[in-house]
Amino acid sequence: QVQLVESGGGLVQAGGSLRLSCAASRRTFSTYTMGWFRQAPGKEREFIAAIHWSGDSTLYADSVKGRFTISRDNAKNTVYLQMNSLKPEDTAVYYCAGNRYSGTSSSPLGYNYWGQGTQVTVSS
(Lines give C-alpha, C1' and ligand atoms only; values in the text may rest on other atoms or scores of the structure.)
Protein backbone atom coordinates (compact mmCIF):
# COMPACT_ATOMS: atom_id res chain seq x y z
CA GLN A 1 0.00 0.00 0.00
CA VAL A 2 1.23 3.51 -0.78
CA GLN A 3 0.29 6.75 0.96
CA LEU A 4 0.03 9.92 -1.09
CA VAL A 5 0.26 13.45 0.30
CA GLU A 6 -0.47 16.50 -1.84
CA SER A 7 0.88 19.98 -1.23
CA GLY A 8 1.25 23.29 -3.01
CA GLY A 9 -2.35 24.42 -3.25
CA GLY A 10 -3.45 27.92 -2.38
CA LEU A 11 -5.04 31.12 -3.60
CA VAL A 12 -3.82 32.64 -6.85
CA GLN A 13 -5.08 35.29 -9.23
CA ALA A 14 -6.31 34.41 -12.70
CA GLY A 15 -3.37 34.10 -15.07
CA GLY A 16 -1.05 32.99 -12.30
CA SER A 17 0.74 29.71 -11.69
CA LEU A 18 0.98 27.04 -9.02
CA ARG A 19 2.93 23.82 -8.74
CA LEU A 20 1.32 20.95 -6.90
CA SER A 21 3.38 18.13 -5.46
CA CYS A 22 2.35 14.64 -4.42
CA ALA A 23 4.78 12.70 -2.27
CA ALA A 24 4.52 8.93 -2.09
CA SER A 25 5.50 6.82 0.89
CA ARG A 26 6.92 3.86 -0.98
CA ARG A 27 10.30 3.35 -2.61
CA THR A 28 8.42 1.42 -5.29
CA PHE A 29 6.98 4.74 -6.48
CA SER A 30 8.72 4.28 -9.82
CA THR A 31 6.35 1.39 -10.56
CA TYR A 32 3.20 3.50 -10.08
CA THR A 33 1.31 5.25 -12.83
CA MET A 34 0.21 8.55 -11.33
CA GLY A 35 -2.72 10.79 -12.06
CA TRP A 36 -4.15 14.13 -11.02
CA PHE A 37 -7.86 14.75 -10.62
CA ARG A 38 -9.91 17.63 -9.31
CA GLN A 39 -13.35 18.10 -7.84
CA ALA A 40 -15.25 21.34 -7.58
CA PRO A 41 -18.25 21.72 -5.22
CA GLY A 42 -21.30 19.99 -6.60
CA LYS A 43 -19.39 18.43 -9.48
CA GLU A 44 -17.99 15.00 -10.21
CA ARG A 45 -14.31 14.23 -9.90
CA GLU A 46 -12.60 15.27 -13.13
CA PHE A 47 -9.47 13.84 -14.71
CA ILE A 48 -6.63 16.30 -15.25
CA ALA A 49 -3.44 14.47 -16.20
CA ALA A 50 -1.60 11.18 -15.86
CA ILE A 51 1.96 9.95 -16.29
CA HIS A 52 2.88 6.34 -16.99
CA TRP A 53 5.04 4.52 -14.46
CA SER A 54 7.79 4.31 -17.11
CA GLY A 55 7.67 8.08 -17.54
CA ASP A 56 7.41 7.57 -21.30
CA SER A 57 3.88 8.79 -21.79
CA THR A 58 1.48 11.36 -20.45
CA LEU A 59 -2.22 12.02 -20.87
CA TYR A 60 -4.09 15.31 -20.43
CA ALA A 61 -7.66 16.47 -20.32
CA ASP A 62 -8.52 18.85 -23.12
CA SER A 63 -9.45 21.51 -20.58
CA VAL A 64 -5.87 21.79 -19.33
CA LYS A 65 -3.81 20.80 -22.36
CA GLY A 66 -1.15 23.41 -23.03
CA ARG A 67 -1.54 24.97 -19.58
CA PHE A 68 -0.75 22.13 -17.15
CA THR A 69 2.25 19.80 -17.14
CA ILE A 70 2.60 16.57 -15.20
CA SER A 71 6.05 15.27 -14.32
CA ARG A 72 7.69 12.89 -11.88
CA ASP A 73 10.91 12.61 -9.94
CA ASN A 74 11.36 9.00 -8.92
CA ALA A 75 14.41 9.84 -6.80
CA LYS A 76 12.13 12.00 -4.64
CA ASN A 77 9.07 9.71 -4.87
CA THR A 78 7.12 12.73 -6.07
CA VAL A 79 4.80 13.63 -8.93
CA TYR A 80 4.19 17.26 -9.85
CA LEU A 81 1.50 19.24 -11.59
CA GLN A 82 2.67 22.57 -12.95
CA MET A 83 -0.34 24.78 -13.56
CA ASN A 84 0.03 27.92 -15.65
CA SER A 85 -2.47 30.46 -16.98
CA LEU A 86 -4.89 29.53 -14.25
CA LYS A 87 -8.56 30.38 -14.64
CA PRO A 88 -11.34 30.76 -12.05
CA GLU A 89 -12.87 27.55 -13.39
CA ASP A 90 -9.74 25.69 -12.28
CA THR A 91 -10.86 26.23 -8.69
CA ALA A 92 -11.26 22.82 -7.04
CA VAL A 93 -9.75 20.34 -4.64
CA TYR A 94 -6.91 18.60 -6.47
CA TYR A 95 -6.14 14.95 -5.79
CA CYS A 96 -3.27 12.76 -6.84
CA ALA A 97 -3.83 9.07 -7.40
CA GLY A 98 -1.70 6.05 -8.19
CA ASN A 99 -1.86 2.49 -9.41
CA ARG A 100 1.00 0.06 -9.74
CA TYR A 101 2.16 -1.12 -13.16
CA SER A 102 -0.95 0.20 -14.85
CA GLY A 103 -1.50 2.11 -18.05
CA THR A 104 -2.46 5.76 -17.99
CA SER A 105 -6.15 6.18 -17.34
CA SER A 106 -8.55 9.10 -17.30
CA SER A 107 -11.00 7.21 -15.09
CA PRO A 108 -10.90 7.38 -11.29
CA LEU A 109 -11.52 3.62 -11.40
CA GLY A 110 -8.05 3.21 -12.87
CA TYR A 111 -6.39 4.18 -9.59
CA ASN A 112 -6.28 2.31 -6.30
CA TYR A 113 -4.58 4.88 -4.09
CA TRP A 114 -5.60 8.47 -3.42
CA GLY A 115 -4.31 11.42 -1.49
CA GLN A 116 -6.44 13.67 0.73
CA GLY A 117 -6.43 16.57 -1.71
CA THR A 118 -5.22 20.15 -1.75
CA GLN A 119 -7.40 23.20 -2.36
CA VAL A 120 -6.67 25.45 -5.34
CA THR A 121 -8.60 28.70 -5.57
CA VAL A 122 -8.26 31.02 -8.55
CA SER A 123 -9.66 34.50 -8.11
CA SER A 124 -10.87 36.62 -11.02
Side-chain angles (χ1 to χ4, degrees):
Q1 189 171 356
V2 62
Q3 293 182 325
L4 304 173
V5 179
E6 302 96 336
S7 62
L11 174 64
V12 64
Q13 288 188 334
S17 298
L18 281 176
R19 188 177 80 156
L20 304 184
S21 300
C22 173
S25 62
R26 297 292 298 269
R27 287 181 290 177
T28 53
F29 171 76
S30 63
T31 64
Y32 283 79
T33 289
M34 300 299 296
W36 284 97
F37 291 76
R38 67 187 180 190
Q39 189 165 19
K43 294 188 177 182
E44 293 187 353
R45 193 161 294 192
E46 175 191 14
F47 169 75
I48 298 301
I51 184 165
H52 194 262
W53 62 268
S54 69
D56 289 344
S57 66
T58 57
L59 183 66
Y60 292 94
D62 288 342
S63 59
V64 305
K65 203 171 290 184
R67 299 190 298 126
F68 291 10
T69 302
I70 189 171
S71 62
R72 65 189 301 153
D73 185 340
N74 290 337
K76 295 182 178 180
N77 291 350
T78 301
V79 62
Y80 303 98
L81 185 68
Q82 177 67 43
M83 306 186 295
N84 299 329
S85 303
L86 283 162
K87 306 174 182 179
E89 51 264 43
D90 293 319
T91 295
V93 177
Y94 283 70
Y95 299 90
C96 70
N99 201 21
R100 197 173 186 197
Y101 286 132
S102 68
T104 53
S105 174
S106 61
S107 170
L109 298 178
Y111 300 87
N112 290 335
Y113 303 102
W114 292 82
Q116 294 301 306
T118 185
Q119 176 71 46
V120 171
T121 303
V122 184
S123 64
S124 58

Problem set entry | Heavy-atom closest pair, residues Gly103 and Thr33 | O-CG2, 3.7 Å

Exercise. Given Thr104 and Thr58, is the side-chain contact (heavy atoms from CB on, under 4.5 Å) satisfied, shown in steps?
Worked result: CA-CA 7 Å; Thr104 53; Thr58 57; over 6 Å; no

For this session: Not counting sequence neighbours, which residues clear ring-ring contact (aromatic ring centres under 6.0 Å, His included) with Tyr111? List them please.
Result: Phe37

Exercise. When rounded to the nearest 0.5 angstrom, what is the spacing between OH in Tyr80 and CH2 in Trp36?
Worked result: 10.5 Å

For this session: Inspect the surroundings of CD in Gln119 and state if more than 12 heavy atoms from other residues, nucleotides or ligands are less than 6.0 Å away.
Result: yes

Exercise. When rounded to the nearest 0.5 angstrom, what is the spacing between SG in Cys22 and CG in Asn77?
Worked result: 10.5 Å

Exercise. Is there a side-chain contact between Leu59 and Ser106, using heavy atoms and a 4.5 Å cut-off?
Worked result: yes

For this session: Could you tell me which non-hydrogen atom of Ser105 sits nearest to which non-hydrogen atom of Ser107, and how far apart they are?
Result: OG-N, 3.1 Å

Exercise. Can you name the closest pair of heavy atoms from Ala92 and Ala40 and give their distance?
Worked result: CB-N, 3.8 Å

Problem set entry | Polar side-chain atom of Ser25 near backbone of Val2 as donor-acceptor pair, under 3.5 Å | no

For this session: Starting at OG1 of Thr78, measure out to CG of Leu20 and round the result to the nearest 0.5 Å.
Result: 12.5 Å

Problem set entry | Step-by-step side-chain contact (heavy atoms from CB on, under 4.5 Å) determination, Asn99 to Trp53 | CA-CA 9 Å; Asn99 201 21; Trp53 62 268; over 6 Å; no

For this session: Nearest 0.5 Å please: distance from the CG atom of Asn74 over to the CE atom of Met34.
Result: 10.0 Å

Exercise. Does Arg72 use its side chain to pair, donor to acceptor, with the backbone of Phe29 at less than 3.5 Å?
Worked result: yes

Exercise. Distance from Thr28 atom OG1 to Tyr101 atom OH, nearest 0.5 Å?
Worked result: 8.0 Å

Exercise. Are any of the side-chain heavy atoms of Tyr95 and Glu6 separated by less than 4.5 Å?
Worked result: yes

Problem set entry | Same cluster (ILVMFWY, side-chain, under 4.5 Å), Ile70 and Met83 | yes

Exercise. Roughly how far apart are Leu18 CG and Asn84 CG, rounded to 0.5 Å?
Worked result: 9.5 Å

Exercise. Is there a path from Val93 to Leu4 through hydrophobic residues (I, L, V, M, F, W, Y) whose side chains come within less than 4.5 Å of each other?
Worked result: no

Exercise. If you draw the axis of the six-membered ring of Tyr32, does the NZ or CZ of Arg26 fall within 45° of it and under 6.0 Å from the ring centre?
Worked result: no

For this session: List the atom of Ala14, the atom of Pro88, and the distance in Å for their closest heavy-atom pair.
Result: CB-CD, 4.1 Å

Exercise. Under a 4.5 Å cut-off applied to non-hydrogen side-chain atoms, are Ser63 and Glu46 in contact?
Worked result: yes

For this session: With sequence neighbours excluded, tell me which residues meet side-chain hydrogen bond (donor to acceptor under 3.5 Å, both in side chains) with Asp90.
Result: Arg38, Arg67

For this session: Check the surroundings of atom CD in Glu89: do more than 12 heavy atoms from other residues, nucleotides or ligands lie under 6.0 Å from it?
Result: yes

Exercise. Do you know the tightest heavy-atom contact between Tyr60 and Thr69?
Worked result: OH-CA, 3.3 Å

